[in-house]
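Some notes on the structure that comes next.
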Amino acid sequence: MPSADPYLPGHGDTTYAVTGYDLDLDYAIENNHLSGRATLTIRALQDNLRDLTLDLHALKVVKITGVKLERHRHDGNRLRLRLASPLRIDDRVTVTITYRGVPKVVRDKVGEAGWEELDDGVLVAGQPGGAPSWFPCNDRASNKAPYRISVTCNSAYFVVANGSRTAVRRHGSKTTWSYVQTEPMAPYLATVQIGRYVEHEVTGGPTRTYAVVPPSLRTRFDRAFADQTAMMQLFTRCFGPYPFPSYRIVVTDDSLEIPLEAQSLSIFGSNLLDRRWDSQRLIAHELAHQWFGNAVTLARLQDIWLHEGFACYSEWLWSQECGRRSTQDEAEVHWKQLSDKTPRHLLAAPGAEHVFDDWVYKRGALTVHAIRAAIGDESFFALLAGWIDRHKGSNATTQEFVEFAQTFTGHPVGRIVEPWLCELPLPPLPKL
């Protein structure tokens, strides 16, 4: 079977789409044991479809119900189902998979991701191929779907998942937490966070925003995230309305190497609870991903600049807004840093090993800056809001962005971005 994404071989199946996930999980934190029941609604994308391949890493399949099977096989990473009767294009079936085991991170060329134990809790970092570490899925970013996620665990712990919390039910020593993410979501953006947290609302902004923080870190959080509301106000002005009903900020007791992005929430380590610029820019960066990456998601990993370039540029927008360096000054600083380091790969196709390299982020942001400098602020910010409004809930490629930008603005955006995306030498610094 050809790979759904060449940068993530062994993930995803393009012959069908999951149109809805219903996940019921029971987690024993004392021994990191996960029991799950996943119900997937599947739509055939081709005629005479007999074979479905799902992604499920390391966990053991106990039972499969809901659809008649001729046979199934699970090789530790991929679950292959042979249907008793073929499906025609657009036929829908429902399959329920019961499974259990100790979750393990998924290692790919791009890196490792998935379900991870903290010192006292759980963190799920799914990007790019970690979703199969905790639920069976069609693990391709281009298959977005709504989710219902229910997690049962020890009542001493607070559980966060994507979307809106719909119920919290305590029964004995355990509590079940239920969340619904109605807006379509790529599998890698699905998450569960478990810890000894307390939730409080961050008031005053245009979007309902919540902080989920260990009680001992509340004072540090309030100081570090004092500008969260102002960031949200800036980005809603620049990009259009926040694309989800609410936004949650989870802060772990543990230190994390980098903050993490998930749909409708972001996860930060306790080591980022300060007012240094390196911490503040990451707070802005992760918030911007709710528009660029979550509302509109790349269709393939080679187009990662559509996420990271825009999120990095959002850091520069915030720098000017908060009275630090202007956006132009930020562009000059990072252009100089890149000017003597010609990459060996193109931004339009950086290679699987380089999708999260710093040069991809910074050159991507400079590409965004070049568009702004060429078309002017009025057209530029209208383009950003129009792009999100037109494509939210779906996936996109670089070509689709360029074609949309040219049609929307009437400017030759393709010619503007060509040297940044498809040539190795660094183009001259664009100026506003």
Side-chain angles (χ1 to χ4, degrees), residues 21-36 102-103 114-126 130-131 133-135 147-181 185 189-203 205 207-225 228 244-256 259-273 283 286-287 290:
Y21 287 90
D22 198 326
L23 307 179
D24 286 292
L25 310 176
D26 194 307
Y27 181 64
I29 202 161
E30 61 275 7
N31 60 357
N32 191 30
H33 189 273
L34 180 67
S35 299
V102 175
W115 187 286
E116 298 181 44
E117 284 187 281
L118 298 172
D119 287 343
D120 190 18
V122 165
L123 173 152
V124 175
S133 70
W134 61 287
F135 69 100
Y147 282 68
R148 188 196 71 85
I149 302 173
S150 177
V151 182
T152 299
C153 72
N154 186 304
S155 294
Y157 294 85
F158 194 100
V159 176
V160 177
N162 308 86
S164 301
R165 188 163 59 240
T166 57
V168 180
R169 300 182 301 276
R170 181 162 183 164
H171 34 93
S173 62
K174 291 188 172 184
T175 297
T176 299
W177 304 74
S178 298
Y179 290 81
V180 172
Q181 176 68 76
M185 177 167 67
L189 291 169
T191 193
V192 170
Q193 307 293 322
I194 302 174
R196 297 180 186 270
Y197 300 131
V198 173
E199 183 177 80
H200 69 275
E201 188 167 0
V202 179
T203 59
T207 301
R208 300 206 72 169
T209 301
Y210 301 90
V212 183
V213 183
S216 61
L217 298 179
R218 173 64 188 271
T219 300
R220 288 178 58 196
F221 172 87
D222 288 346
R223 181 171 180 271
F225 281 78
Q228 179 66 59
F244 307 109
S246 63
Y247 179 57
R248 281 187 169 82
I249 305 150
V250 179
V251 179
T252 69
D253 244 332
D254 299 54
S255 294
L256 301 180
L260 307 169
E261 158 203 1
Q263 188 155 308
S264 77
L265 67 149
S266 300
I267 304 96
F268 298 84
S270 57
N271 52 310
L272 291 177
L273 292 183
I283 294 172
E286 299 309 319
L287 176 59
Q290 299 304 320

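We use all heavy atoms of the structure for the numbers below, so side chains are in, but hydrogens, waters and symmetry mates are not. Sequence positions, counted from 1, serve as the residue numbers for this chain.
By the 30° and 60° cut-offs, the orientation of the rings of Y147 relative to Y21 is parallel. F268 and F225 have perpendicular rings, their planes meeting at more than 60° on a 0 to 90° scale where under 30° would count as parallel.
Between the side chain of D254 and the main chain of G269, no donor-acceptor pair closer than 3.5 Å is present. With hydrogens and angles ignored, the 3.5 Å screen pairs a side-chain donor or acceptor of S155 with a backbone N or O of S173. Of the possible polar contacts, one joining the T209 side chain to the T207 backbone as a donor-acceptor pair under 3.5 Å is found. The closest donor-acceptor contact from the side chain of T191 to the backbone of V124 lies under 3.5 Å. Side-chain N or O atoms of Q290 include one that pairs as donor or acceptor with a backbone N or O of A262 at under 3.5 Å. Side-chain N or O atoms of R148 include none that pairs as donor or acceptor with a backbone N or O of D24 at under 3.5 Å. Listed for the S133 side chain is a donor-acceptor partner under 3.5 Å among the backbone atoms of W115.
Look at E201 and R248 and you find no salt bridge, because none of the NZ, NE, NH1 or NH2 atoms lies under 4.0 Å from a carboxylate O. Salt bridge R196/D253: absent, no basic N to carboxylate O contact under 4.0 Å.
Looking at heavy atoms from C-beta onward, T175 lies out of side-chain contact with H171 at the 4.5 angstrom threshold. When side chains are defined from C-beta on, I149 counts as touching N162, because their heavy atoms get closer than 4.5 Å.
Nearest approach of I29 to E117, heavy atoms of both residues: O-OE2, 4.5 Å. In plain terms, the two heavy atoms of G163 and S246 that are nearest each other are O-OG, 4.3 Å.
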